[in-house]
Amino acid sequence: FCRIRPVSRAEAAQGGAIVVEKIDEYSVTVETPRGPREFQFDKVFSAEASQEDLFHDTSRKCVSHRLIQLAIDGYNVCVFAYGQTGSGKTFTMVGDKEQKNPGIIPRAFNAMFDIMRKNNSKFTYMLELYNDRLQDLFASQAGERNRKGVVFAQGAETKEASSAQELYALFQQACANRHISATSEQTPSTSL
């Protein structure tokens, strides 16, 4: 999926221009120094799309709820958010600080607990893949892979949550241990 974010106030004040245009539900055009380039996606969300629109539209395509059910069933699941620093990944995934406009993660937590109430399952750990290194965000230990490709985080600390709110509090605790670095200044600025 591709989500186009609006130009920020700071970008607008500096004379920033919109360089990404939604062509249709599946395509965008990006203005580059060499001319426009077109990119295809399974779904394109415009700058006007809300957090709720994004979550519900992905749910309608069964992506969010299917991935949540797969995670609860014990499968490794990953939602990969890619983009330059400031492109809107954290807002899309987490939402605003006050959680008045929650992103995919807190909405998924609520959906997960809806499913778990029916199945009586538990959340156990939270991992981050950063620069090809798996890190337990609760215990900061590197992970290993067994012969079948299943990831094990040595020394991973188990946390239990009995509600989406408790799970979000654990998520915030783990986020304090995330690795964050700026994107190279040489990377052209886009709003993809």
Side-chain angles (χ1 to χ4, degrees), residues 1-14 16-20 22 43-60 63-65 67-68 71-72 77-117 122-131 133-140 153 156-185 187 189-192:
F1 298 108
C2 172
R3 184 180 196 184
I4 301 170
R5 71 160 175 81
V7 175
S8 70
R9 289 183 201 143
E11 290 166 335
Q14 294 173 356
I18 297 172
V19 297
V20 178
K22 179 179 175 180
K43 174 72 177 170
V44 173
F45 296 93
S46 71
E48 292 77 30
S50 71
Q51 298 282 71
E52 187 172 349
D53 293 339
L54 186 74
F55 187 75
H56 287 299
D57 200 0
T58 57
S59 295
R60 266 186 250 134
V63 172
S64 297
H65 290 310
L67 291 179
I68 292 165
I72 289 171
V77 173
C78 176
V79 175
F80 181 70
Y82 177 79
Q84 159 176 358
T85 299
S87 64
K89 300 176 303 294
T90 301
F91 179 74
T92 295
M93 297 305 293
V94 179
D96 60 344
K97 290 181 182 181
E98 299 81 28
Q99 285 298 288
K100 292 180 181 175
N101 202 359
I104 289 174
I105 292 170
R107 291 173 190 271
F109 289 170
N110 286 326
M112 185 181 296
F113 273 90
D114 288 343
I115 293 169
M116 288 173 21
R117 275 187 214 93
K122 297 178 187 174
F123 174 75
T124 54
Y125 55 88
M126 185 169 160
L127 305 172
E128 171 189 46
L129 180 63
Y130 183 79
N131 287 339
R133 183 173 170 248
L134 188 65
Q135 177 179 334
D136 175 7
L137 293 178
F138 291 123
S140 302
E157 189 173 328
T158 301
K159 301 283 186 177
E160 290 188 20
S162 59
S163 69
Q165 293 76 19
E166 285 181 24
L167 183 56
Y168 189 73
L170 288 171
F171 172 75
Q172 288 179 310
Q173 176 188 346
C175 284
N177 294 324
R178 284 185 60 218
H179 291 89
I180 300 172
S181 61
T183 304
S184 170
E185 293 295 324
T187 304
S189 179
T190 64
S191 59
L192 258 181

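These numbers come from the heavy atoms of this one structure, side chains and all, not from hydrogens, waters or symmetry mates. Count residues from 1 along the sequence.
- Cation-pi check for Lys89 over Phe91 is not met; the charged atom does not lie both under 6.0 angstrom from the ring centroid and within 45 degrees of its normal.
- With Asn101 contributing its side chain and Gly95 its backbone, the two residues share no donor-acceptor pair below 3.5 Å.
- Between the side chains of Gln84 and Ser87, not a single donor N or O lies within less than 3.5 Å of an accepting N or O.
- Taking both residues in full, the closest heavy atoms of Met93 and Ala81 are given as CG-CB, 3.8 Å, listed atom of the first, atom of the second, then distance.
- Glu11 contributes a side-chain N or O that, together with a main-chain N or O of Ser8, makes up a donor-acceptor pair within less than 3.5 Å.
- Look at Lys22 and Glu48 and you find no salt bridge, because none of the NZ, NE, NH1 or NH2 atoms lies under 4.0 Å from a carboxylate O.
- Among residues two or more places apart in sequence or in another chain, the side chain to side chain contact (heavy atoms under 4.5 Å, CB included) test is passed with Lys97 by none.
- Residues Glu166 and Lys159 fail the side-chain proximity criterion, which asks for heavy atoms closer than 4.5 Å.
- In this structure, Ile18 and Val20 approach most closely via the heavy-atom pair CG2-O, 3.2 Å.
- Taken to the nearest 0.5 Å, the CD atom of Gln165 stands 12.0 Å off from the CG atom of Leu170.
- The shortest side-chain heavy-atom distance between Phe45 and Ile4 does not fall under the 4.5 Å cut-off.
- Side-chain atoms of Arg107 do not come within 3.5 Å of backbone N or O of Val94 as any donor-acceptor pair.
- Gln99 has its side chain within reach of Pro106: a pair of non-hydrogen atoms, C-beta onward, lies under 4.5 Å apart.
- Note: Tyr168 OH to Ile105 CD1 = 8.0 Å, rounded to the nearest 0.5 Å.
- Closest non-hydrogen pair, Ala111 versus Phe55, comes out as CB-CZ, 4.5 Å.
- When all heavy atoms are compared, the tightest approach of Pro6 to Ala47 is N-CB, 3.7 Å.
- Side-chain contact of Gln14 with Arg9: a donor-acceptor pair under 3.5 Å is absent, judged by distance alone.
- The heavy-atom pair separating Gly16 from Val7 by the smallest distance is O-CG1, 4.5 Å.
- Relative orientation of the Phe109 and Phe171 rings is perpendicular, given thresholds of 30° and 60° on the angle between their planes.
- With hydrogens and angles disregarded, no donor-acceptor distance shorter than 3.5 Å links the side chain of Arg3 to the backbone of Leu54.
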